[in-house]
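Encoded as structure tokens, the structure appears first; notes follow it.
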Amino acid sequence: MLVKGAYLVLGNWKMHGDSNTSAMLAANIAARAVPPEKSNVSIGIAPCYVHLHPCRNVIFGDEILLGAQDCRAEPEGAYTGDVSAAMLKKQGCSFVIVGHSERRKWHGERNEHVRHKATGVLREGLHAVVCVGETLEERESGNHLQVVEAQLRASLPAQCTRDSLTVSYEPVWAIGTGRSASAEDIRQMHAHIRTILQQIAGAQDGALPRILYGGSVKANNALDILSLPVVDGVLVGGASLDAEAFQSIIQAAYTAAKPAAQ
Ligand code: PGA
């Protein structure tokens with residue numbers, strides 16, 4: 001299933017929930033989702049691998065996209081504990097998040113791993129959501145623009161288009177901390193990312209990959225963030241586990257995605 005909406009709202013459920021709570025949450029989101037053809041917003045959820053199947057069973061139709069939080073690039077092989085993009089495709093996934101800072105931190109993933117994974121995702125015809133973002137030390141030292149630029153140049157596959165790939169800017173210091181980046185921080189970084197994407201993808205505005213923001217997006221700041229012209233959507237962690245909070249964030253995207261049929 002394609003990522004169609006001008007705006008994208010993705011929930012990253014990380015290592016939370018069980019089969020029942022995940023399926024209930026997925027059903028709740030699906031029941032209230034407005035198809036992207038009408039709302040201009042695509043909604044996606046990324047549960048744990050083991051909860052993909054129960055979630056898929058409750059989200060028929062095109063309302064919401066199913067995704068995974070990571071993958072292995074090779075389609076199959078002797079890679080104990082790994083799950084390939086090809087397997088995820090068979091499970092009904094449309095997108096895969098790669099390069100999340102928690103993967104970089106806990107699994108030592110570097111930019112070249114991220115690029116390899118993203119390339120594997122694209123090879124399967126799935127949509128790659130590539131995360132980049134600086135640490136607090138990198139921001140405080142004033143190197144944040146260079147750090148993110150280096151991550152992008154080394155993590156993105158050569159062929160990246162709006163249909164195949166999305167970039168998510170997630171400052172590490174904003175993830176799970178309750179402290180989101182300011183509008184000015186987001187404006188500056190997204191403009192920088194856009195310039196680099198123009199160079200890498202060689203495409204102009206309408207064909208450039210979307211740029212999402214992630215890091216402490218909540219019900220009470222989503223509309224402000226989504227209303228920034230440089231923001232094409234949000235990647236939501238903690239608040240996506242709460243049906244009401246995530247619903248408010250989706251509602252904010254419907255409001256921001258003018259002209260919406262709302
Ligand atoms: P958060 O997580 O919304 O809980 O800060 C965002 C993310 O990790 O993608």
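Numbering of ligands and ligand atoms starts at 1, following listing order.
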For residues 73-81, which side-chain donor-acceptor pairs fall under 3.5 Å, sequence neighbours excluded?
unit_1	atom_1	unit_2	atom_2	d
E74	OE1	R72	NE	2.9
E74	OE2	H116	NE2	2.9

Pair up each side-chain donor or acceptor in residues 225-234 with any protein partner under 3.5 Å, not counting sequence neighbours, and list the distances.
unit_1	atom_1	unit_2	atom_2	d
S227	OG	L223	O	2.6
D232	OD2	I211	N	2.8

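For ligand 1 and G176, the ligand atoms under 4.0 Å from any heavy atom of the residue are 1 (P), 4 (O), 5 (O). Listed by number with element, the atoms of ligand 1 under 4.0 angstrom from any heavy atom of I175 are 2 (O), 5 (O), 8 (O). Listed by atom number, the atoms of ligand 1 under 4.0 Å from N12 heavy atoms are 9 (O). Ligand-side atoms of ligand 1 in range of G215: 5 (O), range being under 4.0 angstrom from any heavy atom. For ligand 1 and L235, the ligand atoms under 4.0 Å from any heavy atom of the residue are 9 (O). The distance from ligand 1 to the heavy atoms of E170 drops below 4.0 Å at these ligand atoms: 7 (C), 8 (O), 9 (O).
The main-chain N or O of G99 is found under 3.5 Å from a side-chain atom of R104 such that the two form a donor-acceptor pair.
Ion pair R187/E184 flagged as a salt bridge, since at least one NZ, NE, NH1 or NH2 atom sits closer than 4.0 Å to an Asp/Glu carboxylate oxygen. Residues R103 and E109 are paired through a salt bridge, judged by an N-O separation under 4.0 Å between the basic side chain and the carboxylate.
For atom 7 (C) of ligand 1, the closest non-hydrogen atom on the protein side is H100 NE2, 3.4 Å. Closest to atom 4 (O) of ligand 1, if we only count protein heavy atoms, is G238 N, 2.8 Å. Nearest non-hydrogen protein atom to atom 3 (O) of ligand 1 is G237 N, 2.9 Å.
Residue contacts with ligand 1 for A174 involve N, CA, C or O but no side-chain atom from C-beta outward (heavy atoms, distance under 4.0 Å).
Around CD of Q91, the count of heavy atoms belonging to other residues, nucleotides or ligands within 6.0 Å exceeds 12.
Residue A239 places no heavy atom under 4.0 Å from ligand 1.
At under 3.5 Å, a nitrogen or oxygen of K14, whether backbone or side chain, sits near a nitrogen or oxygen of ligand 1. Any N or O atom pair closer than 3.5 Å counts here, and E102 shares no such pair with ligand 1.
Annotation: side chain of L152 is not in contact with side chain of N111 (no heavy-atom distance under 4.5 Å).
Judged purely by distance below 3.5 Å, without hydrogens or angles, the side chains of D163 and T161 never pair a donor atom with an acceptor atom.
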Begin with the C-alpha distance, continue with both residues' side-chain angles, and end with the deciding distance and a verdict on side chain to side chain donor-acceptor pair (under 3.5 Å) for E138 and T135.
-> CA-CA 5 Å; E138 287 162 343; T135 62; 3.2 Å; yes
